[in-house]
J.: 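Once you've had a glance at the structure underneath, I'll fire off some questions.
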Amino acid sequence: MPIEQAAHRLAFSYQRVSSGPQLAGDGIDRQADAFGPFCLRHGLTPAPEALQDRGRSAFTGRHRRKGALGAFLASAKAGAIPPGSVLVVEDLSRFSREAPSDALRMLLNDLFREGGQGLALGVCRFDAVIDERAFNEQVGAALQLQIAIQLAHDESRGKGAHSRRNWERRHAAAAAGAPDPSPRCRPYWLDWDAAAGGFQENALAALPRRAVELCLAGYGQNHAARLLTEEGFLTSDGKEITSNMVSVLLRDRRLIGERRIRSKARGEETILPGYFPPLVAAADFDRVRLLTAERDRSPGRHGKGDKVHHLFAGVLFCQCGRLLTLNRQHGGRYLY
């Protein structure tokens, strides 16, 4: 059935932003505003809920593998999306910024040919609804899509190259001793004091310092996480402390002022000791690492204050082949 003959076609709004500044901006709202008028012009019935991917990159394909777009395409493949439905995007770059071959493969195989008689793509910037028939029979529609796909990919590739050059300059300056005030380059327990020209501890510094104290006192990461939560500590974004967060924190060498710069392109790592003001003594950090390593080598051992002995931890195996362990999540409300 040609898409122009389908009655009451359902339209799904797909909205995506990938970066931090976009998350704080009006990108999602702008995309949502374009959806309603587009549906009116093309006689589409808007689906009540929008599909959103916040912080998902269309250049790496993360939105397709793990995001809302991937879930939508999986539903289409399972036949859960009505044939003839239209996925509406503000611009083709919201749909994909991958290499043209990958973007076209997703368009042709995952969208046009799924859901029984196939779905369609609506692009607000083109003010057009394009399905497989239009792509095959209308040269202008096919060229328009292919050119837009190439431009979206080239734009992201150019931005990526510029970003890499920028970070290389900043890394070189840091290696030469210049402090980098960017929030992305410093731990959350430090602020940049422009007047003093250096890093200063903030109120969040109490959390890692207390976590180290608990570890040195003999508490395991599970019990330490519960105690930190009971004492009123929260993560930098206001969430509850988890055992995994404690584990990662106790391995963070920025606690002793060390910064590590990794270059994926060159496969190199530069270590800058004394780059940040140390939060704990190096001897205490080394002791923490020894204690956590000892616990890792002793399956079933429990930390000080744990009320549950890990009787079968490190003994029983899951059907997947991995050792079963005891783990607490959500403040100890669930045991695994």
Side-chain angles (χ1 to χ4, degrees), residues 19-21 23-24 52 54-55 179-196 198-260 274-296 298-311 313 324-336:
S19 66
L23 289 172
Q52 291 187 351
R54 296 174 179 265
D180 192 334
S182 169
R184 293 182 60 183
C185 299
R186 65 174 188 264
Y188 60 80
W189 58 82
L190 293 178
D191 289 332
W192 174 254
D193 188 333
F199 299 105
Q200 299 290 334
E201 289 185 17
N202 56 39
L204 293 173
L207 169 58
R209 188 174 280 121
R210 178 59 174 154
V212 169
E213 290 175 355
L214 290 173
C215 180
L216 292 174
Y219 292 97
Q221 62 190 38
N222 295 320
H223 195 209
R226 294 201 305 277
L227 286 176
L228 289 168
T229 299
E230 291 170 4
E231 293 173 7
F233 287 100
L234 296 172
T235 65
S236 57
D237 53 358
K239 296 181 180 179
E240 185 178 280
I241 306 296
T242 66
S243 60
N244 183 64
M245 181 266 184
V246 174
S247 176
V248 172
L249 179 59
L250 295 177
R251 290 171 169 79
D252 194 336
R253 298 190 65 85
R254 293 178 298 179
L255 291 172
I256 56 174
E258 186 176 289
R259 180 180 177 184
R260 296 191 172 198
Y275 189 85
F276 300 114
L279 197 64
V280 300
D284 288 341
F285 182 82
D286 291 340
R287 179 61 179 161
V288 165
R289 298 303 307 125
L290 288 173
L291 289 172
T292 53
E294 183 180 355
R295 293 190 184 102
D296 291 341
S298 304
R301 179 174 178 175
H302 57 91
K304 178 179 178 181
D306 285 345
K307 297 181 180 179
V308 179
H309 292 259
H310 303 199
L311 182 60
L324 291 178
T325 60
L326 184 141
N327 192 9
R328 293 182 180 84
Q329 300 292 337
H330 305 292
R333 289 194 294 273
Y334 304 110
L335 297 178
Y336 301 90

J.: Output the distance between atom CZ (Phe233) and atom CZ (Arg210), rounded to the nearest 0.5 Å.
T.: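 With rounding to 0.5 Å, CZ (Phe233) is 7.0 Å from CZ (Arg210).
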J.: Go through the steps for Arg209 and Leu255 under the test side chain to side chain contact (heavy atoms under 4.5 Å, CB included), then give the verdict.
T.: CA-CA 9 Å; Arg209 188 174 280 121; Leu255 291 172; over 6 Å; no
J.: Looking at every heavy atom in both Ala211 and Leu249, which two are closest together, and how far apart are they?
T.: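 In terms of heavy atoms, the two residues are closest at CB-CD2, 3.9 Å.
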J.: Measuring from atom CZ of Phe285 to atom CG of Asp252, what distance do you get when rounded to the nearest 0.5 angstrom?
T.: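 Phe285 atom CZ to Asp252 atom CG measures 7.0 Å (nearest 0.5 Å).
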J.: What are the two closest heavy atoms between Leu279 and Pro208, and how far apart are they?
T.: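 Scanning both residues completely, I find the closest heavy atoms to be CD2-CG, 3.2 Å.
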J.: Begin from the C-alpha positions of Arg289 and Arg251 and carry the test side chain to side chain contact (heavy atoms under 4.5 Å, CB included) through to its verdict.
T.: CA-CA 7 Å; Arg289 298 303 307 125; Arg251 290 171 169 79; 3.5 Å; yes
J.: Is the shortest heavy-atom distance from the side chain of Arg186 to the side chain of Asp191 under 4.5 Å?
T.: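 Yes; the side chains approach each other to less than 4.5 Å.
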J.: Please confirm whether the backbone N or O of Ser243 pairs with a side-chain atom of Ser247, one donor and one acceptor, at under 3.5 Å?
T.: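 Between the backbone of Ser243 and the side chain of Ser247 there is no qualifying donor-acceptor contact (under 3.5 Å).
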J.: How long is the span from the CD atom in Glu230 to the CD1 atom in Ile241, to the nearest 0.5 Å?
T.: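 Glu230 CD to Ile241 CD1: 12.5 Å, rounded to 0.5 Å.
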J.: Quick check: closest heavy atoms across Glu240 and Thr235, and the distance to 0.1 Å?
T.: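 What the structure gives for the nearest pair is O-CG2, 3.9 Å.
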J.: List the atom of Leu291, the atom of Leu216, and the distance in Å for their closest heavy-atom pair.
T.: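 Leu291 and Leu216 have their closest heavy atoms at CD1-CA, 4.1 Å.
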J.: To the nearest 0.5 Å, how far apart are OG1 in Thr242 and CZ in Arg226?
T.: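 Atom-to-atom, Thr242:OG1 and Arg226:CZ are 13.0 Å apart.
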J.: Closest approach of Ile256 and Ala281, non-hydrogen atoms and distance?
T.: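 Looks like CG2-O, 4.1 Å.
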J.: As an exercise, state the distance from OH of Tyr188 to CG of Leu204, rounded to the nearest 0.5 Å.
T.: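 Atom-to-atom, Tyr188:OH and Leu204:CG are 7.0 Å apart.
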J.: To the nearest 0.5 Å, what is the distance between CG (Leu190) and SG (Cys185)?
T.: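 Here the rounded value is 12.5 Å.
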J.: Under 30°, 30 to 60°, or over 60°: which ring-plane class applies to Phe199 and Tyr275, parallel, tilted or perpendicular?
T.: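 It falls in the tilted class, 30° to 60°.
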